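Structure first, then comments.
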Amino acid sequence: DGGITQSPKYLFRKEGQNVTLSCEQNLNHDAMYWYRQDPGQGLRLIYYSQIVNDFQKGDIAEGYSVSREKKESFPLTVTSAQKNPTAFYLCASSIRGGTEAFFGQGTRLTVV
Amino acid sequence: ILNVEQSPQSLHVQEGDSTNFTCSFPSSNFYALHWYRWETAKSPEALFVMTLNGDEKKKGRISATLNTKEGYSYLYIKGSQPEDSATYLCAFPAPMDSNYQLIWGAGTKLIIKP
């Protein structure tokens, strides 16, 4: 059953800690993306990757880091440098950039 | 800076009524226009990917039209049902780094009143 899986669903982080959000897909898609959603706003692109071992900053990359060591996996680390990390994070993949996006269920991150 | 605008931001519709909402996008360098439905506690899912000016796509009671020359698309829902309650997003693939990236609208939140 093909799809895209994010974990965990809920995550709590203390001030000053780094946390990593997992994103795995078995759709054989080349492109993967991380978005952030805040109330009343559209999806904002954090990072994207068009191919393994390559990734690019999106509009709001500051305070985040990613890796793409495997085609299936695109983890996002929210570092302590991210000033306002409390948000809903969505991972997506597509065959290539600009084509239909397939989304995970999202991770809601709260800083406590 | 490319912008995708959706209106209205939210909409309350009586069950059984029909409704529509708008997505505006840059009319130059058109590649495609996507519509997604995002139900509460679920992932966004694609409804339509539209590529041709004048195109009309239909899925059950939901349909969409496309005008690439003036840069807008309408989504129509006929005979709204409670299960239509969701946020409807449109996205415009824009050229970026020798490829395309989706630029997203903020969405129209549709609430169907029984």
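Below, read A as the first sequence line, B as the second, and so on, with proteins coming before strands; counting in each chain starts at 1. What you see is a predicted model, and the numbers here were worked out from it, not measured in a lab.
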Quiz item: Using a cut-off of under 4.5 Å for heavy-atom pairs, which of Ser43(B), Ala94(B), Pro95(B) has the most such pairs with chain A?
Solution: Ser43(B)
Quiz item: At a heavy-atom separation under 4.5 Å, does Ala101(A) approach chain B through its side chain, its backbone, both, or neither?
Solution: both
Exercise. Could you grab the distance from atom OG of Ser94(A) to atom OH of Tyr33(A), nearest 0.5 Å is fine?
Key: 2.5 Å
Quiz item: Side chain, backbone, both or neither: which part of Gln50(A) has a non-hydrogen atom closer than 4.5 Å to chain B?
Solution: side chain
Exercise. Answer with side chain, backbone, both or neither: which region of Leu45(A) has an atom nearer than 4.5 Å to a non-hydrogen atom of chain B?
Key: side chain
Quiz item: At a heavy-atom separation under 4.5 Å, does Leu89(B) approach chain A through its side chain, its backbone, both, or neither?
Solution: side chain
Quiz prompt | Parallel, tilted or perpendicular, as decided by the 30° and 60° cut-offs, for the rings of Tyr76(B) and Tyr74(B) | solution = perpendicular
Exercise. State the CD1-OG distance between Ile112(B) and Ser85(B), to the nearest 0.5 angstrom.
Key: 5.0 Å
Quiz prompt | chain B contact via Gln56(A) - which portion, at a heavy-atom distance below 4.5 Å | solution = side chain
Quiz item: Just one of Leu43(A), Asn84(A), Leu109(A), Asp59(A) clears the side-chain contact (heavy atoms from CB on, under 4.5 Å) bar with Arg36(A), so which one?
Solution: Asn84(A)
Self-check item: chain B contact via Phe102(A) - side chain, backbone, both or neither, heavy atoms under 4.5 Å
Solution: neither
Self-check item: Residue part contacting chain A, namely of Phe92(B), when any heavy atom lies under 4.5 Å
Solution: neither
Practice problem: Determine, using the 4.5 Å side-chain heavy-atom cutoff (strictly less than), whether Leu110(B) and Trp104(B) are members of one ILVMFWY cluster. | Solution: yes
Quiz prompt | Sidechain-backbone polar pair: Arg68(A) side chain, Lys71(A) backbone, donor-acceptor under 3.5 Å | solution = yes
Self-check item: Atom group of Gln9(B) that falls short of 4.5 Å from chain A, counting heavy atoms
Solution: side chain
Quiz item: Pick from Ala106(B), Ala91(B), Ser10(B): which one has the most heavy-atom pairs with chain A under 4.5 Å?
Solution: Ala106(B)
Self-check item: Ala41(B) portion near chain A, given a 4.5 angstrom heavy-atom threshold
Solution: backbone
Exercise. Pick one of side chain, backbone, both or neither for Gln37(A), based on which atoms fall under 4.5 Å of a heavy atom in chain B.
Key: side chain
Quiz item: Do you know which of Gly104(A), Gly58(A), Gly106(A) has the most heavy-atom pairs under 4.5 Å to chain B?
Solution: Gly104(A)
Quiz item: Are the side chains of Phe21(B) and Leu11(B) in touch, meaning some heavy atoms are under 4.5 Å apart?
Solution: yes
Quiz item: Are Asn3(B) and Ile103(B) close enough that some pair of their side-chain heavy atoms sits under 4.5 Å apart?
Solution: no
Quiz item: Using a distance-only test with no angle check, is there a side-chain donor-acceptor pair under 3.5 angstrom linking Tyr47(A) and Tyr35(A)?
Solution: no
